[in-house]
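Data first, discussion second: the structure below is written as structure tokens.
Predicted, not measured: the structure shown is a model, and the values here were computed from it. In what follows, chains are A, B, ... by sequence order, proteins preceding strands, each numbered from 1.
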There are 2 protein chains.
Amino acid sequence: ETSPVSGATLTRDEARVTVHGVPDVPGTSLEIFSGIAARKISIDMIVQNVGRHGRADISFSVPTSELSATLEAVREAAERIGAERVTYDQDVAKVSVVGLGMAKQTGVAHQMFRALADADVNIQMITTSEIKISALVARDAAQTALRTVHRVFNLESTPSDAKSW
Amino acid sequence: ETSPVSGATLTRDEARVTVHGVPDVPGTSLEIFSGIAARKISIDMIVQNVGRHGRADISFSVPTSELSATLEAVREAAERIGAERVTYDQDVAKVSVVGLGMAKQTGVAHQMFRALADADVNIQMITTSEIKISALVARDAAQTALRTVHRVFNLESTPSDAKSW
Ligand SMILES: C[C@@H](O)[C@H](N)C(=O)O
Ligand SMILES: C[C@@H](O)[C@H](N)C(=O)O
């Protein structure tokens with residue numbers, strides 16, 4: 001039988017940055033990412049949910065080594081656009097399930113969230129695509145999260161499963 | 001030269017649902033998606049940003065034909081877990097850029113946000129993976145958004161580019 005999930009990955013060297021209260025009008029996300037692009041900082045996940053009272057929060061993750069350059073760029077941009085504040089968290093890890101058969105992921109997302117809930121791991125952020133579902137968790141929960149996801153999806157716990165990409 | 005972006009897609013038949021004020025503890029996202037999985041509703045993007053004061057918002061999109069079944073499932077779950085409320089929007093479309101060369105997408109995300117800003121298209125939600133950056137926009141901005149993204153990334157405007165997957 002073909003499982004919709006072919007693997008799970010863990011990215012530990014990651015820091016989360018959030019710009020809170022970004023005016024929800026065209027041009028503000030551009031401002032934030034211009035500064036980052038100019039410094040050639042590599043970004044992993046970008047997440048924005050719907051705004052509220054004309055403001056939205058934009059989060060993204062960067063390698064921990066790029067955190068201070070990122071904060072410098074982002075604080076400048078946040079001020080220019082009138083965002084409320086910038087927060088960050090270095091104690092995070094991203095756990096993902098990957099699979100080509102995950103189109104319309106409902107069953108897979110449900111199982112992944114069940115795995116994490118059963119392991120008492122809190123999900124801090126969620127982002128998805130047809131081939132990947134990613135959850136940001138606390139770094140000290142990373143190993144537990146990966147192990148649980150491996151178990152729930154019957155993935156072998158071999159070193160190759162733990163590559164981050 | 002190989003462009004990191006190989007195509008752009010537009011998905012118009014999409015409705016956005018948000019569960020606001022979800023208690024940010026293990027198990028709540030599971031509750032929301034269990035009801036949806038039980039009804040075999042297909043989900044496209046799932047987005048959750050970091051919580052605030054112990055609560056987070058979880059949004060996701062479904063085909064418009066599944067909206068009422070989704071709202072039924074989600075309102076039940078929202079009540080069970082003590083979330084604040086459920087909102088939805090049928091007037092949305094998802095525009096995405098796709099590419100295998102987008103790893104550490106900073107340049108691509110920046111260009112996509114510039115394209116949308118220049119076209120005065122407001123970005124309502126953002127989700128990313130290594131091969132895809134998606135933005136939820138108002139449905140009446142969909143064509144403009146797609147055209148602008150095609151222009152900025154030098155993609156041909158052929159019918160095959162507008163397939164949604
Ligand atoms: C919040 C931010 O995404 C804004 N809506 C923009 O379009 O840039
Ligand atoms: C908000 C929701 O994602 C919660 N943190 C959970 O783990 O289920």
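Residue contact with chain B, scored on non-hydrogen atoms closer than 4.5 Å, involves the backbone and the side chain of A:Thr127 alike. Contact annotation for B:Val50: both backbone and side-chain heavy atoms come within less than 4.5 Å of a heavy atom of chain A.
Chain B forms the most heavy-atom pairs under 4.5 Å with one residue out of A:Asp120, A:Thr28, A:Ile58, and that residue is A:Asp120. Taking chain A as the reference chain and counting heavy-atom pairs below 4.5 Å, the highest number among B:Pro26, B:Ser34, B:Ala119 is found for B:Pro26. In terms of heavy-atom pairs under 4.5 angstrom with chain A, the leader among B:Thr18, B:Asn49, B:Val47 is B:Asn49. Contact tally against chain A (heavy-atom pairs below 4.5 Å) for B:Gln48, B:His20, B:Arg114: the top residue is B:Gln48.
Taking the side chain as every heavy atom from C-beta outward, A:Val108 and A:Phe153 approach each other to under 4.5 Å. Residues A:Ile32 and B:Phe113 are not in side-chain contact: their nearest non-hydrogen atoms beyond the backbone lie 4.5 Å or more apart. By the 4.5 Å heavy-atom criterion applied to side chains, A:Lys132 and B:Glu130 are counted as neighbours.
For B:Arg16 and B:Thr87, the side-chain atoms include at least one donor-acceptor pair closer than 3.5 Å. With hydrogens and angles left out, the side-chain atoms of B:Asp24 and A:Asn122 include a donor and acceptor closer than 3.5 Å.
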